[in-house]
Peer 1: 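Pasting a structure below so you can have a look.
In this text the structure is predicted, and so the values were computed from the model without any measurement. Here is how names work: the chains are called A, B, and so on, in the same order as the sequence lines, proteins then strands, and each is numbered from 1.
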Amino acid sequence: MAFPHDIKKISPTVWELPVHYKEGMLVPARIYATEKLLMAMDEGVFEQVSNVACLPGILKYAFCMPDGHWGYGFPIGGVAAMDPVTGVISPGGIGFDINCGMRLVLTNLTHEEVAPRIHELVDALFNRIPTGVGCKGFIKVSQSEFRDVLEEGSKWCLKKGFARPEDIEVTEEGGCFAGAESSSISDKAIERGIDQIGTLGSGNHYCEIQVAKDVNVFDEIIAKKFGFTVPNQVVVMFHCGSRGFGHQVATDYLKLFLQVMGSKYKINIRDRELACAPFHSKEGQLYFSAMKCAVNMAFANRQVILYRIREVFSRIFSKSPEDLGMDMIYDVAHNTAKLETHIINGATKEILVHRKGSTRAFGPVMEGIPSVYREIGQPVIIGGSMETGSYLLAGLETGAETFYTTAHGSGRTMSRHEAKKNVRGKKLQQDMEARGIYVRTDSWGGLAEEAGSAYKNIDEIAESTELAGLSRRVVKLVPIGNIKG
DNA sequence: ATGTGC
């Protein structure tokens with residue numbers, strides 16, 4: 001399959017594959033990107049996003065965000081809303097790492113204060129936050145208590161003293177998707193997840209110390225409202241998900257859906273990786289519940305990691321986390337499906353929005369945004385590579401086009417395999433150190449896979465979401481320290 | 001992403 005030269009330009013940042021592009025498409029597919037980013041996209045994106053447009057019950061368009069690239073079934077960067085009555089739910093539209101997401105935490109420290117302590121700080125974070133494949137957490141819970149975590153998410157952390165009430169307020173959905181029933185979870189998933197609370201994992205998961213340099217502030221008023229009050233202010237950003245637990249949930253239900261999809265529900269799909277079930281079916285509802293359990297496990301995971309981050313800063317700087325101003329700005333989920341109310345063809349309707357490697361970006365005054373941000377729009381965290389920086393943005397009214405969804409990261413340009421061939425982890429660490437970024441890792445190969453050169457330009461991604469009206473830039477954050485698995 | 005694979 002080749003680059004689709006008949007792709008239609010809707011605007012400088014929106015490109016459309018019409019319904020006749022491929023047999024079976026129910027709606028057109030739309031890709032949000034500048035021409036430059038579009039040309040750099042792998043052909044798998046066009047193949048996959050047009051496959052998604054064939055899924056039963058899909059509404060308006062199958063979307064792909066500017067950081068899109070080839071994924072399992074859906075592209076990473078994919079968005080698809082289904083009619084909950086006639087439509088399907090698809091694990092491929094959510095991802096294996098259910099509720100992989102980003103959390104951003106303020107400090108009131110300046111770059112000048114942190115720079116002399118950066119080695120000590122990063123080493124302490126590396127020691128206190130378990131990283132790498134198969135890493136285990138410090139929290140021991142019984143099976144029944146783990147089931148509470150799955151059903152309560154961040155609220156469980158609040159009960160146990162790992163969270164502040166304000167943390168919950170600035171976590172998407174209050175850190176808990178309602179309706180998670182742990183009866184939908186296999187014993188194997190419980191077994192894999194039970195000792196993984198408070199662990200970072202591997203791959204592109206990381207915890208980073210960043211600086212909001214004054215020259216990188218795009219919108220001073222919003223930046224101030226988000227809590228940026230100190231020159232060259234230091235923040236902590238981290239990225240992780242539901243670990244082996246979410247992976248097992250996805251595996252379990254993909255298997256079940258493949259068994260019932262054709263025989264019981266007579267659904268024909270173009271790609272086995274798009275395995276799905278009617279949303280209202282028994283299997284669809286079981287998966288929806290299990291997915292929520294994984295979402296909640298990931299919220300709890302990030303909350304416990306935050307608890308450890310606060311501990312480390314407190315020890316290194318000999319002040320309480322409160323005195324260090326370690327308030328959360330926000331926590332966004334990347335890989336979820338959620339029932340939300342949107343306007344479809346002029347009518348208000350509850351729809352099932354799949355977001356896979358994409359970020360919810362509610363505009364100002366919408367319900368579901370914490371009251372402190374109600375007038376500004378939802379904070380959006382776009383994580384770049386560990387070399388190049390990340391962005392804090394805010395949702396916009398014009399995001400309605402994509403069901404209020406924007407990009408989530410840089411997007412790979414090089415496969416993990418290719419990156420490992422081209423980059424040496426140890427050398428990369430030394431090069432980064434020379435540029436003022438101190439990085440600790442569990443795996444040199446893993447570090448090489450995450451090299452900045454393996455990713456698209458984050459500045460172009462962030463700018464393109466703004467040009468498209470999906471989110472506006474508030475501040476660019478550059479790394480000075482990073483731990484990764 | 002993942003006790004990195006049937």
Peer 1: With heavy atoms under 4.0 Å as the rule, sort A:Lys356 into base, sugar-phosphate or nothing.
Peer 2: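 Counting heavy atoms under 4.0 Å across all strands, no contact is made by A:Lys356.
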Peer 1: Counting just side-chain N and O atoms, does A:Thr251 come under 4.0 Å of either OP1 or OP2 of B:dT2?
Peer 2: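 Answer is no, no contact under 4.0 Å.
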Peer 1: Is the distance between the ring centroids of A:Phe257 and A:Tyr287 under 6.0 Å?
Peer 2: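 For A:Tyr287 and A:Phe257, the ring centres are under 6.0 Å apart.
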Peer 1: In whole Å, what is the span from the CG atom of A:Asp97 to the P atom of B:dT4?
Peer 2: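 Those two atoms, CG and P, are 15 Å apart.
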Peer 1: Can you confirm if the NZ or CZ of A:Arg412 lies within 45° of the ring axis of A:Tyr455 and under 6.0 Å from the centre of its six-membered ring?
Peer 2: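 Here A:Arg412 passes the 6.0 Å and 45° test against A:Tyr455.
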Peer 1: What's the CG-P distance between A:Leu254 and B:dC6, to the nearest Å?
Peer 2: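 Atom CG in A:Leu254 sits about 13 Å away from atom P in B:dC6.
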Peer 1: Please give, in whole Å, the distance from B:dT2 C1' to A:His239 NE2?
Peer 2: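 After rounding, the reported distance stands at 14 Å.
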Peer 1: Counting any heavy atom closer than 4.0 Å, what does A:Gly241 reach on the DNA or RNA strands: base, sugar-phosphate only, or nothing?
Peer 2: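 No contact at all - A:Gly241 keeps every heavy atom at 4.0 Å or more from the nucleic acid.
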Peer 1: Identify whether NZ of Lys or CZ of Arg in A:Arg308 sits under 6.0 Å from the centre of the six-membered ring of A:Phe138 and within 45° of that ring's axis.
Peer 2: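 Relative to the ring axis of A:Phe138, which defines the angle, A:Arg308 lies inside both limits.
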Peer 1: Just how far, in rounded Å, is P of B:dT2 from NZ of A:Lys484?
Peer 2: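 Value for this atom pair: 10 Å.
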Peer 1: Expressed in angstrom and rounded to an integer, what is the separation of A:Leu200 atom CG from B:dT2 atom C1'?
Peer 2: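 Taking CG of A:Leu200 and C1' of B:dT2, I get 14 Å after rounding.
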Peer 1: Expressed as a whole number of angstroms, how long is the span from A:Lys136:NZ to B:dT2:C1'?
Peer 2: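 Atom-to-atom, A:Lys136 to B:dT2, this comes out as 15 Å.
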Peer 1: Distance check needed: B:dG5 P versus A:His247 NE2, whole Å only.
Peer 2: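 Those two atoms, NE2 and P, are 8 Å apart.
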Peer 1: Could you tell me if the ring centre of A:Tyr373 sits under 6.0 Å from that of A:Phe226?
Peer 2: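 For A:Tyr373 and A:Phe226, the ring centres are under 6.0 Å apart.
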Peer 1: In whole angstroms, how far is the P atom of B:dT2 from the CZ atom of A:Arg243?
Peer 2: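 Rounded to whole Å, this separation is 5 Å.
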Peer 1: Any base atoms under 4.0 Å from A:Gln196, or only sugar-phosphate, or nothing? Heavy atoms, all strands.
Peer 2: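 Since only primed, P, OP1 and OP2 atoms lie under 4.0 Å of A:Gln196, the category is sugar-phosphate.
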